[in-house]
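Structure first, then comments.
In the text below, chain A, chain B and the rest are named by the order of the sequence lines, each starting its count at 1. Quick note: numbers below take in every heavy atom, side chains included, and nothing from hydrogens, waters or symmetry partners.
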Amino acid sequence: MHYSRTFIPTIKEVPKDAMIQSHILMIRAGMIKKLSSGIYSFLPLGYRVLKKVESIIREEMERIDYNEFFLPVIIPGELWKISKRWYSMGPELFRLKDRNIQDFVLAPTHEEAFTFLLKDHIKSYKDLPLKVYHIGIKFRDEIRPRFGVMRGKTFIMKDAYSFHRESNSKSLDKTYNDMAGAYKKIFDRCGLETISVSADSGSMGGSLSEEFMVPSRVGEEEIIQCNHCGYVANREKAESRNENISYKNSGEITMASTPGTKTIEAVTRFLKVPAESLIKTLVFKIPDGKFVLALIRGDLDINETKLKNYLGVSEIEQADKKEVKAKLGIPLGFAGPIGVKSMHVVADLSVRDIKGGVTGANKKDYHYINVNTERDFTPDEYIDLRLVGEHDLCPLCGDGLSMFKGIELGHIFKLGDKYTKAFLVSYLDEDGSMKTPIMGCYGIGVERTTAAIIEQNYDEKGIIWPISVSPFHVYILPVKYSGKIQEISDMLVEQLEKSGIEVLIDDRDERPGVKFKDADLIGIPFRITIGERGLKKGAVELFERRTGNSEFIKLESIVDILKERIALEKKKYESE
RNA sequence: CGGGCUAUAGCGCAGUUUGGUAGCGCGCACGGUUCGGGACCGUGAGGUCGUGAGUUCAAAUCUCACUAGCCCGACCA
């Protein structure tokens with residue numbers, strides 16, 4: 001293609017709204033343009049990359065026998081009412097009405113639509129397993145869109161769904177594992193280093209789930225990893241081994257005056273006790289307006305996701321001061337479990353063994369000391385509520401854990417029968433009995449993957465595309481597009497394109513410096529510079545963006561050499 | 001939703017403190033000199049100063065309200 005006729009609006013300045021490299025470079029290279037917060041248009045160069053990522057995904061989906069569909073983005077609200085997500089999803093779900101005042105949603109994901117679509121076609125165990133997917137636009141009214149295309153209000157997702165016989169969970173296991181394998185290949189082929197971590201399944205429902213992450217400073221996920229045995233999990237999900245802290249048996253429980261000590265730190269300082277002997281007490285509010293008391297050892301924090309899952313609610317928030325005081329009569333900062341009757345009390349496992357502990361007395365400026373769990377109070381339940389941190393112990397091997405950040409590119413779930421049950425999907429099994437199929441679902445964020453590729457492949461000059469997703473294979477840079485140089489450039493373009501190589505020729509009437517800068521910024525893997533300097537020797541310059549290597553190649557062999565190099569480079573990103 | 005910041009030409013910014021009718025760099029157009037790493041000189045086009053109201057003889061500048069965007073926290077591919 002000719003640069004002069006292609007819309008590639010590169011810019012020199014760093015856009016003020018962009019904070020991370022992938023966002024900055026996508027804008028600077030003329031790949032995307034913002035329409036509104038979290039809503040971006042893809043320009044020709046960006047779209048070419050997007051399509052390449054999509055086709056890698058397609059190839060790997062086909063390879064494991066998934067059928068490609070294309071579903072609408074606007075879905076009757078009725079379907080979402082059947083799955084109950086109309087009620088549970090909250091404001092991130094875009095809702096609208098048609099002229100007949102019927103409810104609709106702009107689909108944030110397609111479990112409902114696919115389940116409804118396939119319901120009529122799953123009648124026999126012979127119809128299973130059924131594996132489907134599509135690549136389409138999704139809508140989520142994100143609380144805070146961020147980092148350009150990394151978290152948008154609309155985004156392209158590859159979402160796949162599988163349906164299986166309920167009695168044969170091995171079928172789901174296999175499909176799930178196949179998908180994990182396909183994801184690994186997809187990301188490898190995009191030139192990405194990913195890791196898979198076990199994750200919380202959130203509002204999707206279902207049991208097991210795994211996320212595919214790219215480690216990155218700008219990631220929004222926190223990943224916990226064992227330095228020893230390979231345990232990896234999303235922090236939301238991560239568990240840890242309880243340390244054995246030896247508590248001494250204490251004397252009688254006593255109420256002590258602790259004026260103004262509202263924080264853990266203040267209490268430990270005032271009473272001269274370690275944080276481990278405190279019983280931290282937090283009041284949470286759940287959607288039905290009820291309050292829950294959550295306890296954890298003073299030096300630890302509550303993992304709200306774990307608490308939400310335990311309570312079976314989609315949202316919780318820490319109750320605010322005034323409300324707690326008004327409705328429960330408890331001064332926040334001095335809350336404690338002792339004597340609490342009106343609220344459900346859950347305790348983290350770390351609380352169970354505390355003896356000689358300290359906790360709020362539900363009275364302003366007073367704490368109880370010498371508190372023994374079980375002797376002085378009994379929570380309704382002990383569960384794991386702990387927010388695992390960097391210095392905790394691996395739940396598997398007891399070794400140390402570390403934490404780093406990552407970008408979540410894909411997520412795979414074993415869904416169970418949440419949707420098939422709600423939609424009354426049933427099939428006749430071999431023995432003539434009526435059964436409900438179980439499901440798996442599997443997503444990849446396409447733009448986010450594209451952004452992550454840049455995040456892992458750039459330098460101070462611009463993007464460095466892996467050839468598998470590069471908008472073009474070769475950038476031809478005629479130092480001056482006229483006379484002999486023009487003739488040779490045109491000839492090269494023709495020959496290369498004839499062999500299926502994608503070429504961008506910079507035929508603009510610009511000074512060479514401008515062309516070099518743009519070529520570096522756009523980041524196409526190979527560049528051929530054609531100028532007097534080389535032609536004197538009957539050669540052109542072949543430059544490799546990633547290594548910075550450059551060499552002069554005889555004109556007559558450049559096409560063959562390029563073909564060879566490109567084939568070699570492509571091979572690195574091929575399946576298997 | 002809470003906290004912080006911003007809004008002036010296509011992009012990046014100055015001007016706001018101390019009110020006097022808008023400027024710089026890049027980009028764009030034209031002419032010339034240049035031409036293998038974002039050239040130089042000259043000329044020129046381009047602005048409801050985010051929106052609305054108020055104060056004032058006079059508002060980009062002061063006041064109030066609103067809107068949008070960005071960053072930090074709770075959601076997600």
Is any NZ, NE, NH1 or NH2 atom of the basic residue among E510(A) and K515(A) found under 4.0 Å from an Asp or Glu carboxylate oxygen of the other?
no
Select base, sugar-phosphate, or nothing to describe what G534(A) touches, counting heavy atoms under 4.0 Å on all strands.
base
Rounded to whole Å, please give me the gap between CD in E220(A) and P in C75(B).
12 Å
Short side-chain donor-acceptor distance under 3.5 Å, S198(A) and E210(A)
no
For F155(A) and A77(B), is the gap between ring centres under 5.5 Å while the planes differ by less than 30°?
yes
Closest to the V479(A) side chain, choosing from C13(B), G36(B), C72(B)
G36(B)
Are K12(A) and G27(B) close enough that a side-chain N or O sits under 4.0 Å from OP1 or OP2?
yes
Tell me whether the side-chain N or O atoms of E221(A) pair up with the base of C76(B) as donor and acceptor below 3.5 Å, since no angle test is needed here.
yes
As a test of reading the structure: which of C26(B), U34(B), G12(B) is closest to the side chain of R511(A), going by heavy atoms?
U34(B)
Nearest-Å distance, CD1 (I20(A)) to P (C70(B))?
13 Å
Options G36(B), G69(B), A77(B), nucleotide nearest the side-chain atoms of K34(A):
G69(B)
Determine the interatomic distance between C1' on C71(B) and the same-named atom on A29(B); round to the nearest Å.
38 Å
The side chain of S37(A) lies closest to which of these nucleotides: C76(B), C70(B), C72(B)?
C70(B)
Less than 6.0 Å separating the ring centroids of Y133(A) and F114(A)?
no
Taking atom types as they are modelled, is there a donor-acceptor pair under 3.5 Å from the base of C76(B) to the side chain of R151(A)?
yes
Scan M213(A) against the nucleic acid and name what it touches under 4.0 Å (heavy atoms): base, sugar-phosphate only, or nothing.
nothing
Taking atom types as they are modelled, would you say the side chain of R28(A) forms a donor-acceptor pair with the base of C11(B) within the 3.5 Å cutoff?
no
Is the terminal nitrogen or CZ of K537(A) (NZ for Lys, CZ for Arg) located under 6.0 angstrom from the six-membered ring centre of F552(A) and within 45° of that ring's axis?
yes
When we call it a touch if two heavy atoms are under 4.0 Å apart, what does R508(A) touch: a base, just sugar-phosphate, or nothing?
nothing
Under 4.0 angstrom between S36(A) side-chain N/O and A68(B) OP1 or OP2
no
Quickly work out the D509(A) CG to A29(B) P distance and round it to whole Å.
11 Å
Identify the residue among K405(A), R146(A), R448(A) that makes a salt bridge (charged side-chain N to carboxylate O under 4.0 Å, His left out) with E220(A).
R146(A)
From CG of L307(A) over to C1' of A74(B), roughly how many Å is that when rounded to an integer?
14 Å
So if I take every side-chain heavy atom of K517(A) and compare against C76(B), G38(B), G12(B), which nucleotide ends up nearest?
G38(B)
Rounded C1' spacing from A59(B) to G2(B) in Å
33 Å
Separation between the P atoms of C57(B) and G44(B), rounded to whole Å:
38 Å
Measuring from the side chain of I143(A) (C-beta onward, heavy atoms only), which nucleotide among C26(B), G36(B), C1(B) has the closest atom?
C1(B)
Please state whether the base of G25(B) and the side chain of E13(A) form at least one donor-acceptor pair under 3.5 Å?
yes
Integer angstrom distance from the C1' of U67(B) to that of C76(B):
27 Å
Provide the distance between the two P atoms, one in A7(B) and one in U61(B), to the nearest whole Å.
12 Å
Mind checking D159(A) for me? I need base, sugar-phosphate or nothing, with any heavy atom below 4.0 Å counting as a touch.
nothing
Across all strands shown, which nucleotide pairs with G23(B) by Watson-Crick or G-U wobble geometry, both distances under 3.5 Å?
C13(B)
Lys NZ or Arg CZ of R527(A) over F543(A) ring: under 6.0 Å, within 45°:
yes
Pairing nucleotide - C1(B), Watson-Crick or G-U, each distance under 3.5 Å
G73(B)
Interatomic distance at C1', A9(B) relative to C49(B), whole Å:
10 Å
Under 3.5 Å for both donor-acceptor distances, Watson-Crick or wobble: does A58(B) have a partner, and if so which one?
none
Across the strands shown, which category fits E447(A) at heavy-atom distances under 4.0 angstrom: base, sugar-phosphate, nothing?
nothing
From the options G38(B), C75(B), A77(B), select the nucleotide whose nearest atom is closest to the side chain of T305(A).
C75(B)
Under 4.0 angstrom, heavy atoms only, what part of the nucleic acid is F147(A) near: base, sugar-phosphate, or nothing?
sugar-phosphate
Figure out the NZ/C1' separation between K138(A) and C76(B), and round it to whole Å.
14 Å
Starting at atom CZ of F139(A), determine the distance to atom C1' of C75(B), rounded to an integer number of angstrom.
19 Å
Find the distance H411(A):NE2 to C75(B):C1' and express it as a whole number of Å.
14 Å
In the strands shown, is G42(B) matched to any nucleotide by a Watson-Crick or G-U wobble pair with both distances under 3.5 Å, and which?
C30(B)
Consider the side chain of M157(A), meaning its heavy atoms from C-beta on, and name the nucleotide among A77(B), C72(B), G38(B) that approaches it most closely.
A77(B)
Flag this pair as yes if the NZ/CZ of R508(A) is under 6.0 angstrom from the six-membered ring centre of Y3(A) and inside a 45 degree cone about the axis; otherwise no.
yes
Donor + acceptor pair across side chains of Y66(A), D178(A) (<3.5 Å):
no
Nearest-Å distance once atom C1' is located in both A22(B) and G46(B):
14 Å
Under 4.0 Å, heavy atoms only, any strand: does G531(A) hit a base, just the sugar-phosphate, or nothing?
base
N or O in side chain of K308(A) less than 4.0 angstrom from C75(B) OP1/OP2:
yes
Between K480(A) and K16(A), who's closer to the 5' end of RNA chain B by nearest nucleotide?
K16(A)
Under 4.0 angstrom between R146(A) side-chain N/O and G73(B) OP1 or OP2:
yes
What is the separation between atom CG on L50(A) and atom C1' on A77(B), rounded to the nearest whole Å?
13 Å
Could you tell me whether the phosphate oxygens of C72(B), OP1 or OP2, come under 4.0 Å of any side-chain nitrogen or oxygen in R144(A)?
yes
Please report the distance separating the C1' of U8(B) from the corresponding atom of C13(B), rounded so that it comes out in whole Å.
9 Å
Using purine N1 to pyrimidine N3 plus N6-O4 or O6-N4 for Watson-Crick, or N1-O2 and O6-N3 for G-U wobble, each under 3.5 Å, what pairs with C64(B)?
G52(B)
Pair assignment for C35(B), Watson-Crick or G-U wobble, requiring both distances under 3.5 Å:
none
Determine the contact category for G148(A): base if any of its heavy atoms lies under 4.0 Å from a base atom, sugar-phosphate if only primed atoms, P, OP1 or OP2 are that close, otherwise nothing.
nothing
Do the side chains of D348(A) and K306(A) get close enough for a salt bridge, i.e. N-O under 4.0 angstrom?
no
Using heavy atoms to find the nearest nucleotide of RNA chain B for E532(A) and I444(A) separately, return the residue whose nucleotide is more 5′.
E532(A)
State whether the side chain of R235(A) and the backbone N or O of V388(A) hold a donor-acceptor pair below 3.5 Å, judged by distance alone.
yes
